[in-house]
Colleague: 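Right, I'll just put the structure down here and ask away after.
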Amino acid sequence: MIMSEYECNTDHGGVGKFLSTTRSVMIPMAEKLKVAFRGSDYVRVSIIHPNSPLRGQLTVGDEVEAIVLGDGTKMMNFDALTLCQVIIRTSDDTKRQLIIANDSPESMDLFC
């Protein structure tokens, strides 16, 4: 299940205003997600295995902005290792979500 939210951002290195989208992706109950993440300042999806339960919901290059747990806890500003540890540690949480950001001006056609 993917839901979208839209917000107007103005501080992007002098680029100006453009539409930034985020979407939430439910993390399924699975023994392995078969997804790899990379990064320390910005965590991005680096590999999606063909048999991943998240295939079609995530794409390589997606930036993970946050993870939201079933109890409402929202975690941000993490590196790839910390994200993976949280995903593994909360594997019994059926309501976990990844918040995926796409705010690259090169990939946006809509301006505000």
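Residue numbers run from 1 in the order of the sequence given.
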Colleague: Identify the two heavy atoms, one from Leu69 and one from Met75, that lie closest to each other, and give their separation to 0.1 Å.
Modeller: CD1-SD, 4.4 Å

Colleague: Which atoms form the tightest heavy-atom contact between Arg96 and Thr90, and what is the distance?
Modeller: CD-OG1, 3.0 Å

Colleague: Take Val60 and Ile47 through the side chain to side chain contact (heavy atoms under 4.5 Å, CB included) test and state the conclusion after the steps.
Modeller: CA-CA 6 Å; Val60 171; Ile47 299 171; 5.7 Å; no

Colleague: What is the minimum heavy-atom distance between Met26 and Thr94, and which atoms define it?
Modeller: CE-O, 4.0 Å

Colleague: Closest approach of Lys74 and Ala66, non-hydrogen atoms and distance?
Modeller: CE-CB, 3.8 Å

Colleague: Identify the two heavy atoms, one from Gly70 and one from Lys95, that lie closest to each other, and give their separation to 0.1 Å.
Modeller: CA-CB, 3.7 Å

Colleague: For Asp93, check salt bridge (charged side-chain N to carboxylate O under 4.0 Å, His left out) against everything at least two apart and list the hits.
Modeller: none

Colleague: Between the side chain of Thr22 and the main-chain N/O of Ala101, is any donor-acceptor distance below 3.5 Å?
Modeller: no

Colleague: Which one of Asp79, Thr82, Leu98 satisfies the side-chain contact (heavy atoms from CB on, under 4.5 Å) criterion with Phe37?
Modeller: Leu98

Colleague: Got more than 12 heavy atoms from elsewhere within 6.0 Å of CG, Asp71?
Modeller: yes

Colleague: Evaluate the side-chain proximity of Arg23 to Asp62: yes if any heavy-atom separation is below 4.5 Å, no if none is.
Modeller: yes

Colleague: Rounded at 0.5 Å granularity, tell me how far CD in Glu31 sits from OG in Ser91.
Modeller: 10.0 Å

Colleague: Would you indicate whether the side-chain heavy atoms of Ile27 and Ile67 approach each other to under 4.5 Å?
Modeller: yes

Colleague: Sub-3.5 Å donor-acceptor pair from the side chain of Arg44 to the main-chain atoms of Gly39, do we have one?
Modeller: no

Colleague: Check whether any side-chain heavy atom of Ile48 sits under 4.5 Å from a side-chain heavy atom of Leu54, and report yes or no.
Modeller: no

Colleague: Under 4.5 Å between any side-chain heavy atoms of Met76 and Glu65, yes or no?
Modeller: yes

Colleague: Can you give me the closest heavy-atom contact between Val43 and Ala80, atom names plus distance?
Modeller: CG2-N, 3.5 Å

